[in-house]
Amino acid sequence: MKVPHDHAALRERYDKATVDVSPPLAIVDLSAFDHNATCMEKAAVTMTAGSLPIRVASKSVRCRRLIERALARPGYRGVLAYTLPEAMWLVETGVTDDAVVGYPSADTAALARLAGDTQLAQRVTLMVDDPSQLDLIDAVARPVDRATIRLCLDMDASWRPMGGHVGVRRSPLHKPVDVVRFAKTVVARQGFRLVGLMSYEAQIAGVPQGSGIAAAAIRAMQRRSFAELSRRRGLAVAALSRFVDLEFVNAGGTGSLALTATDPAVTELTAGSGLMAPTLFDDYDAFTPRPSSAFALSVVRKPDSRIATVHGGGWLASGPADDRRLPTPWLPSGLALTGLEGAGEVQTPLVGPGADSLAVGDRVWFRHAKAGELSEHVNRLHLIDEDDCVEPALTYRGEGKAFL
């Protein structure tokens, strides 16, 4: 069947497909998910070397079934996990045999388990940017008593014009000389193997351009930042190549796939949010996904004819505390949160033209601001295929896994 894209038809389709499931519930529209995956593959094409593989950012999905669906596509390879226990679990359950942990870990129990399992140690790569992280691993398991630990260096990708700071505050390894110095420390220490370099340019991949005067400034910032980062990253990779053979140089995110793919030093990309298409990705120039994930809540009261109140709704996203982190009422159209109450834990009043026709028992569909965090609120995602057949898929939470 042809999947509808207008709001009224989508609402009817989702209501009908999930009629036997009581809210609160969350869905993933597989046709939109696959469409977004294809768009991301097309964005990963380089000018000379064909397409770069995309490593799935599991934080943005948090559902094994959907991670496997992405990895089954030819343009995707490996997982960027967000904790070490998660990475080991994804390997042990057969989701991937190549998991890079995107952040340093101080989980001593997990480090001990990794160090004591040769197969896991061959398939999981830890992120490091400080000698003290190596010391912690050595304190957990002596080099002579453990499997060799695979390591990836996290190179800071923020832009620092005239002493300023644009981007997130991640690694202390900012200059190529910082990267090289620490890499030599890693190579010289027993029990470690340096296999990769990562640099996530959040100020490019994670900042939508939007419109108006501010948009022009954002685009200019991103062009200049990327030019500076490409030069700096290229110097670091060239210097590292003199004494270590890296398996991968990872970079990018959903919002910068096409741009990052033009950097000749990069060998693979990372993305995940674009598969789910949360509201924070609605205003990007280079990527226009179809909304593929949503959650439904029931109208339970009508304080007056102009207001419809749903049960629940306070599913806020992490990040700076602003309105962009609130869930957005989506279907039916013409709904808005109130400025006084916003999205509440147990009830959310909705106003606007769309509220007039809503009755007790009707459903309102919301979109979450960030991708994977939706899965922390439900035990299962209801996957809707093109024939409107629905199949539940357990989230991490549904499998009893709360990694952070």
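The chain is numbered in sequence order, starting from 1.
- Applying the salt bridge (Lys or Arg N to Asp or Glu O under 4.0 Å) test to Glu86 and every residue at least two apart in sequence or in another chain returns nothing.
- Shown here for Asp129 and Ser171, the closest heavy-atom pair between the two residues is CB-OG, 3.3 Å.
- Checked by atom type and distance alone, the side chain of Asp362 pairs as donor or acceptor with a backbone atom of Ala359 at under 3.5 Å.
- For Trp89 and Tyr396, the ring centers sit closer than 6.0 Å to each other.
- Residues satisfying the salt bridge (Lys or Arg N to Asp or Glu O under 4.0 Å) test with Arg150, not counting sequence neighbours, are Glu247.
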Return a table of donor-acceptor pairs under 3.5 angstrom between the side chains of residues 334-354 and protein atoms on other chains or two or more places apart.
| unit_1 | atom_1 | unit_2 | atom_2 | d |
| --- | --- | --- | --- | --- |
| Thr338 | OG1 | Glu341 | N | 3.2 |
| Gln347 | OE1 | Arg301 | NH1 | 2.7 |
| Thr348 | OG1 | Gly312 | O | 2.7 |
| Thr348 | OG1 | Gly344 | N | 3.0 |

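- Scored by the salt bridge (Lys or Arg N to Asp or Glu O under 4.0 Å) test, Arg69 finds Asp34 as partners (sequence neighbours excluded).
- Applying the salt bridge (Lys or Arg N to Asp or Glu O under 4.0 Å) test to Arg123 and every residue at least two apart in sequence or in another chain returns nothing.
- For the pair Arg62 and Tyr82, the cation-pi criterion (under 6.0 Å, within 45° of the ring axis) is fulfilled.
- Taking each heavy atom of Pro332 and Leu358 in turn, the nearest pair found is CG-CD2, 4.1 Å.
- The backbone N or O of Ala258 lies less than 3.5 Å from no partner atom in the side chain of Thr262, so there is not a single donor-acceptor pair.
- Distance alone, capped at 3.5 Å, is enough to place a donor-acceptor pair between the Thr395 side chain and the Asn379 backbone.
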Side chains of residues 97-106: which donor-acceptor pairs under 3.5 Å do they make with residues two or more places apart or in other chains?
| unit_1 | atom_1 | unit_2 | atom_2 | d |
| --- | --- | --- | --- | --- |
| Asp98 | OD1 | Arg55 | NH1 | 3.2 |
| Asp98 | OD2 | Arg55 | NH1 | 3.4 |
| Asp98 | OD2 | Arg55 | NH2 | 3.1 |
| Ser105 | OG | Asp107 | N | 3.2 |

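- Counting only distance, with no hydrogens or angles, the side chain of His165 and the backbone of Ser158 share no donor-acceptor pair below 3.5 Å.
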Let me see the working for Trp365 and Phe295 under ring pair (Phe, Tyr, Trp, His ring centres under 6.0 Å), right down to the final yes or no.
-> CA-CA 6 Å; Trp365 293 90; Phe295 66 94; 8.8 Å; no
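- Shown are Arg13, His382, His35; of these, the side chain to side chain donor-acceptor pair (under 3.5 Å) with Asp29 is made only by Arg13.
- Side-chain N or O atoms of Tyr200 include none that pairs as donor or acceptor with a backbone N or O of Val168 at under 3.5 Å.
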